[in-house]
Amino acid sequence: ADVRGLVRVGTPCSDEVENPGYASTDFGVSKLSPDETLIAVEAYYYLDSGYVLSTVVYDVAGERLAIFDDVWAPTWTPDGQLLLTGNGFHLVDRDLSSLRRIDGGQLVGPLNNPAVHPSGERMVFEYNQQIWEMNLDGDELHEVVTAGRELRFPTYSPDADTIVYLARSDQEYYDVAFYFTDLDTGESSTVDLAGVLSPSTDPTIVPNGPLSWSD
């Protein structure tokens with residue numbers, strides 16, 4: 001959708017994308033570049049050994065410009081660089097010709113759902129089911145929030161003072177609350193949605209990610 005709220009098709013239908021597997025290609029998370037000219041989208045398909053993930057970049061006319069294998073969860077920096085998740089984090093060259101790893105090999109294990117700070121200098125992300133932060137040059141890697149729950153989909157507030165995320169225990173099937181952590185004080189708070197969105201009455205309406213803020 002553009003700034004006027006008008007919706008148009010921006011990519012081919014996922015099942016039109018050929019793959020060597022035995023089922024149609026599916027699309028996952030998609031992100032529009034800050035200048036609204038490029039669309040980065042997860043594409044995945046299934047082989048006998050499991051599913052294969054990649055990220056495909058289209059222009060808004062639907063022409064495929066690049067594909068990057070074994071990376072996912074695309075997002076954009078404020079200055080228009082594409083950030084991808086895989087074996088570590090990677091930034092894509094501006095001409096979409098190649099990608100480079102930016103975490104210096106520090107990160108080994110489950111990574112997902114990065115969100116870039118409004119300054120473009122650092123990011124928060126899921127790492128081993130907790131929330132971590134790191135500069136985009138690989139420095140100052142540290143854990144931001146630790147809890148006895150699976151923490152997911154962190155993102156910064158527009159003023160960058162707070163992060164919001166979802167948290168779910170092993171006993172919970174649905175997310176029922178938003179969690180907020182003040183980055184200066186480390187204090188956390190919760191907005192409980194159980195009374196508003198009840199999975200028992202309407203299991204199709206539950207909070208899920210990725211999360212984003214309005215202006």
Glu143 and Val145, any side-chain heavy atoms less than 4.5 Å apart = no

Is any side-chain heavy atom of Asp161 closer than 4.5 Å to a side-chain heavy atom of Leu183?
-> no

Examine Ile67 and Tyr58 and state if one hydrophobic cluster contains both, with Ile, Leu, Val, Met, Phe, Trp and Tyr joined whenever side-chain heavy atoms are less than 4.5 Å apart.
-> yes

Heavy-atom closest pair (Pro154 atom, Asn113 atom, distance to 0.1 Å) is CD-O, 3.9 Å

Distance-only, no hydrogens or angles: does the Trp213 side chain make a donor-acceptor pair with backbone N or O of Tyr156 under 3.5 Å?
-> yes

Rounded to the nearest 0.5 Å, what's the gap from CD1 on Ile131 to NE2 on His142? Could you check?
-> 11.5 Å

Counting only heavy atoms not in Glu16, do more than 12 fall under 6.0 Å of its CD?
-> yes

Can you establish whether the number of heavy atoms outside Tyr51 located under 6.0 Å from its atom OH is more than 12?
-> no

Any idea which heavy atoms bring Trp76 and Ala40 closest together, and the distance?
-> CZ2-CB, 3.8 Å

Do the charged groups of Arg122 and Glu133 touch, with an N to O distance under 4.0 Å?
-> yes

Do Ser14 and Asp26 get their side chains close enough for a donor-acceptor pair, meaning under 3.5 Å?
-> no

Do you know the tightest heavy-atom contact between Gly138 and Gln106?
-> O-NE2, 2.7 Å

Any donor-acceptor N/O pair, Asp182 side chain to Thr185 backbone, under 3.5 Å = yes

Min side-chain heavy-atom separation Thr190-Phe178 under 4.5 Å = no

Kindly indicate, with the supporting measurements, whether the criterion side-chain contact (heavy atoms from CB on, under 4.5 Å) is fulfilled by Phe125 and Leu111.
-> CA-CA 7 Å; Phe125 54 92; Leu111 300 170; 4.2 Å; yes

Gap between atom OG of Ser24 and atom CD of Glu18 - 0.5 Å precision = 11.0 Å

At what distance, to the nearest 0.5 angstrom, does OH of Tyr165 lie from CD of Glu150?
-> 13.5 Å

Do Val56 and Val17 share a hydrophobic cluster (ILVMFWY, side-chain heavy atoms under 4.5 Å, transitive)?
-> yes

Given side chains that start at C-beta, do those of Tyr45 and Ser54 come closer than 4.5 Å, heavy atoms only?
-> no

Indicate yes or no for a side-chain donor-acceptor contact from Asp93 to the backbone of Asp95 under 3.5 Å, with no hydrogens or angles considered.
-> no

Can you give each donor-acceptor pair under 3.5 Å made by side-chain atoms of residues 78-89, sequence neighbours left out, with the distance rounded to 0.1 Å?
residue : atom : partner : partner atom : Å
Asp79   : OD1  : Thr77   : OG1          : 2.4
Asp79   : OD2  : Arg94   : NH2          : 3.0

Go through Leu47 and Val52 one step at a time and tell me if the side-chain contact (heavy atoms from CB on, under 4.5 Å) criterion holds.
-> CA-CA 7 Å; Leu47 295 175; Val52 178; 3.6 Å; yes

Whether Asn135 side chain and Asp137 backbone form a donor-acceptor pair below 3.5 Å = no

Keeping the roles fixed (side chain from Thr55, backbone from Val71), state whether a donor-acceptor pair exists under 3.5 Å.
-> yes

Do Met123 and Met134 come within less than 4.5 Å of each other through their side chains, counting heavy atoms only?
-> yes

Report yes or no: do Leu107 and Ile102 belong to one cluster of Ile/Leu/Val/Met/Phe/Trp/Tyr joined by side chain heavy-atom distances under 4.5 Å?
-> yes

Pairwise distance CG(Leu99) to CG(Leu91) - rounded to 0.5 angstrom = 9.0 Å

May I ask you to test the Val92-Ser98 pair for a side-chain heavy-atom distance under 4.5 Å?
-> no

Between the CG atom in Asp139 and the CG atom in Leu136, the distance rounded to the nearest 0.5 Å is 11.0 Å

Using the side-chain contact (heavy atoms from CB on, under 4.5 Å) rule, take Phe180 and Val191 through it: C-alpha gap first, then chi angles, then the decisive distance, then the call.
-> CA-CA 8 Å; Phe180 299 84; Val191 175; 3.4 Å; yes

Treating Ile, Leu, Val, Met, Phe, Trp and Tyr as nodes and any side-chain heavy-atom pair under 4.5 angstrom as an edge, say whether Val124 and Trp132 lie in one connected cluster.
-> no

Euclidean distance, Thr146 OG1 relative to Leu151 CG, rounded to 0.5 Å | 8.0 Å

Closest non-hydrogen atom pair between Thr181 and Ser188, with its separation | OG1-OG, 2.7 Å

Got a sec, which residues hit ring pair (Phe, Tyr, Trp, His ring centres under 6.0 Å) with Tyr44, two or more places apart in sequence or on another chain?
-> none

Just checking, any donor-acceptor pair under 3.5 angstrom between side chains of Asn112 and Glu126?
-> no

Closest non-hydrogen contact found for Ile39 with Gly10 is CD1-O, 3.7 Å

Partner residues of Glu42 under the salt bridge (Lys or Arg N to Asp or Glu O under 4.0 Å) criterion, sequence neighbours left out = none

Looking only at atom types and distance, does a side-chain atom of Gln130 sit under 3.5 Å from a main-chain N or O of Tyr127, one as donor and one as acceptor?
-> no

So do the side chains of Asp103 and Leu141 get within less than 4.5 Å of each other, counting heavy atoms only?
-> no

Of all the heavy-atom pairs spanning Val57 and Leu96, show the shortest one and how long it is.
-> CG1-CD1, 3.8 Å

Can any side-chain N or O of Ser157 pair as donor or acceptor with the backbone N or O of Thr162 at less than 3.5 Å?
-> yes

Report yes if some heavy atom in the side chain of Thr155 is under 4.5 Å from a heavy atom in the side chain of Val164; otherwise report no.
-> yes

